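Presented below is the structure to which this report refers.
In this text, all values refer to a predicted model and were calculated from it rather than measured experimentally.
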Amino acid sequence: MQTEIPEDLNEFATQQDNVFYWADGTEMARTGPVNRQDIALSKVPEDVQWAVLAAENASFYSDSGISPSGLTRAFTRMLTGGDTQGGSTITQQYVKNAYLNQRQTFSRKLTEMFIAIKLDDKMSKEEILEGYLNTSWFGRGTYGIARAANAYYGKNVSELNVSEGAFLASLLKGAGSFDPAISEKNRKRAVDRWEWVLDRMVEIGRLSKEERARYTTFPEPIAPPPQKGLTGQNGYLVDLARSYVAAHTDITDAEFDLGGYQIHTTFEKPRMEALTAAVDEARGRLDPDGREADRHVRIGAASVAPDGRIVALYGGPGYLEQGFNDANASNVPAGTSFTPFVYAAALQDGVQRRRNGPRTPVTPQTVYDGDDDVALRTPEGPYWDRSGKILRGSNDGDRSYGDITLREAVEESVNTPMLQLGMDVGLERVRKASIDAGLLPSSFGATRTPALSLGTAKPSAIRMASAYGTFAADGVHTPPYSVVRLSRNGDAVPLERTPGARAFRAEVAREVDEALEGSVRDGAAKEAAAAGPGAAGKGGTAQDHTSAWFVGYTDEVATAVSLSRLDPKTQELLPLTGLGGAEGTGAGSELPMGIWTKYMTSAGRTG
């Protein structure tokens with residue numbers, strides 16, 4: 001075998017920061033270096049060592065450093081179109097961690113195998129296990145079991161018990177899928193894997209059944225602290241950009257945490273400052289200490305250019321204070337700001353008022369009944385809800401408008417025509433139109449009811465801004481993105497990007513645009529006219545008054561602002577009634593429009 005053991009360890013010898021840049025090329029933030037500390041094997045409790053071996057390589061002390069059967073399976077998967085992941089002994093994994101890289105390729109796997117055989121002859125099993133435990137990635141930016149013990153349990157590694165060791169061993173299968181802090185699905189996977197590791201230890205004779213019976217409660221890890229230095233809005237930007245890199249490259253979390261990357265983002269600092277100032281001013285008018293209705297307020301906002309660049313966002317009061325990004329949240333109903341998609345679907349596909357009859361076109365001048373308390377109709381007659389009552393639509397303030405054109409209904413935010421229009425177009429076509437415009441399928445629930453047309457979908461502010469931007473772009477939607485260029489130590493790294501695609505015919509987009517311009521010019525959203533000529537947009541509230549939105553755009557950028565209140569204990573949305581001291585069901589509805597208007601009249605209209 002010609003493959004030699006490399007003299008130096010790989011990237012661990014040259015750990016670096018990752019540097020994030022604003023759109024103008026100036027530095028925005030740094031993360032890293034990786035959190036790693038070597039620890040002697042003698043400091044790791046023996047049952048913790050065996051938890052790792054039970055999970056990863058129970059025959060470690062007797063094998064030759066490679067697993068022939070595992071290699072055969074790995075190569076077979078690769079040759080048949082799969083990847084080469086799996087089939088690795090502890091020795092092979094240590095070689096990959098310390099000398100090679102995380103790429104799953106045929107040549108790397110061969111090199112790994114040859115080095116592992118030689119390393120097994122040159123080093124003792126204890127030295128190999130010690131090296132493996134010190135170079136393995138455990139998530140939360142940590143390499144090595146010493147830092148992992150601290151990150152997950154706030155302990156020195158010598159203080160770990162076998163139950164905690166079994167959980168840490170579970171992370172070796174992929175920390176991004178097993179850290180309970182990331183999601184409830186992760187937690188379920190982690191519990192299942194933890195139980196399996198303990199059972200496996202019993203199976204290989206390294207844990208008695210009596211001792212195993214003592215561990216029935218999952219050893220819940222501590223919550224991860226936010227990264228230092230990511231103050232204010234910057235933490236949300238870094239988190240979003242990192243997520244984009246993870247989704248659009250083949251860089252693993254483990255590789256990214258090793259550092260050395262330069263991430264050039266789409267975020268524009270002047271717009272960020274203007275949006276933050278607009279939201280902060282609006283928050284300053286609330287009185288959470290003196291008014292119950294002003295507590296637990298959540299505001300998310302995002303600006304997206306027609307070409308998909310996310311140029312600004314407001315994710316919350318500060319990343320270190322609230323790690324959850326409200327600009328990227330999918331828990332706030334769009335409300336009646338969704339109705340432009342109903343209008344677009346009608347203009348695009350026409351309506352079908354007779355079962356199995358032909359679809360007939362509609363125009364902005366098509367007339368619908370705009371009265372309050374109008375019965376919703378299907379081709380067979382009235383629509384009956386599950387309680388056995390005829391479903392009736394209602395307008396804000398119970399106002400009746402009489403016969404009204406579809407364009408006027410959009411401009412004046414009249415609900416009843418949009419509710420009936422959605423039924424006439426077909427709810428599935430309405431849903432498809434909104435997804436083509438830029439909303440995610442996951443924004444919608446499993447059931448389709450007439451209320452879909454009045455915004456039961458729960459899109460993020462980023463996606464809502466992007467979808468409205470489709471109207472500004474003559475019907476072409478470009479998926480939102482936050483990273484324009486990526487490199488490592490100056491060398492370009494490939495970055496996938498989905499190109500734009502036509503969502504609507506150009507004339508359809510222009511008709512919707514004209515209605516949204518009319519709404520701002522002299523319709524229901526005329527308070528936003530200060531943004532200047534050509535501004536277009538629409539406000540919206542949920543039928544149960546748990547959310548309020550304003551979404552609008554100019555030629556340069558589309559911006560969405562969402563408002564809600566979230567119970568910190570139940571995570572349920574609270575009504576906006578009484579917010580800011582306002583009375584009636586319209587409380588809070590003006591706040592998103594005010595934020596949007598202030599932002600757009602300052603740096604929001606600058607490049």
Using the ring-ring contact (aromatic ring centres under 6.0 Å, His included) criterion, which residues pair with Phe444? Sequence neighbours excluded.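 Counting only residues at least two positions away or on another chain, Phe444 forms no ring-ring contact (aromatic ring centres under 6.0 Å, His included).
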
Gap between atom [atom2] of [Y] and atom [atom1] of [X] - 0.5 Å precision:
{"X": "Arg298", "Y": "Leu573", "atom1": "CZ", "atom2": "CG", "result": "10.0 Å"}
{"X": "Met123", "Y": "Thr91", "atom1": "CE", "atom2": "OG1", "result": "9.0 Å"}
{"X": "Phe267", "Y": "Leu237", "atom1": "CZ", "atom2": "CG", "result": "4.5 Å"}
{"X": "Gln233", "Y": "Tyr319", "atom1": "CD", "atom2": "OH", "result": "12.0 Å"}

Please examine the side chains of [Y] and [X], heavy atoms only from C-beta on, and report whether any two atoms are closer than 4.5 Å.
{"X": "Tyr236", "Y": "Gln322", "result": "yes"}
{"X": "Phe138", "Y": "Leu172", "result": "yes"}
{"X": "Ser487", "Y": "Tyr261", "result": "no"}
{"X": "Asn325", "Y": "Leu313", "result": "yes"}
{"X": "Asp436", "Y": "His477", "result": "no"}
{"X": "Tyr132", "Y": "Val52", "result": "yes"}
{"X": "Glu164", "Y": "Glu159", "result": "no"}
{"X": "Ile299", "Y": "Asp326", "result": "no"}

Test your reading of the model: is there a side-chain donor-acceptor pair from [X] to the backbone of [Y], 3.5 Å cut-off?
{"X": "Ser547", "Y": "Pro333", "result": "yes"}
{"X": "Arg200", "Y": "Glu203", "result": "no"}
{"X": "Glu255", "Y": "Thr252", "result": "yes"}
{"X": "Glu56", "Y": "Ile90", "result": "no"}
{"X": "Asn328", "Y": "Ile462", "result": "no"}
{"X": "Thr478", "Y": "Gly308", "result": "no"}

In this structure, are over 12 heavy atoms from other groups packed under 6.0 Å from [X] atom [atom1]?
{"X": "Arg502", "atom1": "CZ", "result": "yes"}
{"X": "Lys188", "atom1": "NZ", "result": "no"}
{"X": "Glu126", "atom1": "CD", "result": "yes"}

Using distance alone, with no hydrogens and no angle criterion, decide if [X] and [Y] have a side-chain donor and acceptor under 3.5 Å apart.
{"X": "Trp196", "Y": "Ser170", "value": "no"}
{"X": "Asn156", "Y": "Ser158", "value": "no"}
{"X": "Asn186", "Y": "Arg189", "value": "yes"}
{"X": "Tyr599", "Y": "Ser303", "value": "yes"}

Parallel, tilted or perpendicular: rings of Tyr21 and His264 (30°, 60°):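 If you compare the ring of His264 with that of Tyr21, the planes turn out parallel.
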
Parallel, tilted or perpendicular: rings of Phe167 and Phe218 (30°, 60°):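 Rings of Phe218 and Phe167: perpendicular, as their planes differ by over 60°.
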
Tell me whether the guanidinium CZ or amine NZ of Arg242 lies under 6.0 angstrom from the six-membered ring centre of Phe256 and within 45° of its axis.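 Judged by the rule (NZ or CZ under 6.0 Å from the ring centre, within 45° of its axis), Arg242 is not positioned above Phe256.
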
Charged N to carboxylate O below 4.0 Å: is that the case for Arg271 and Glu556?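 A salt bridge is present here (some side-chain N lies under 4.0 Å from a carboxylate O).
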
Please name all residues satisfying salt bridge (Lys or Arg N to Asp or Glu O under 4.0 Å) with Glu220, sequence neighbours left out, ordered by chain then number.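 Glu220 satisfies salt bridge (Lys or Arg N to Asp or Glu O under 4.0 Å) with Arg187 once adjacent residues are dropped.
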
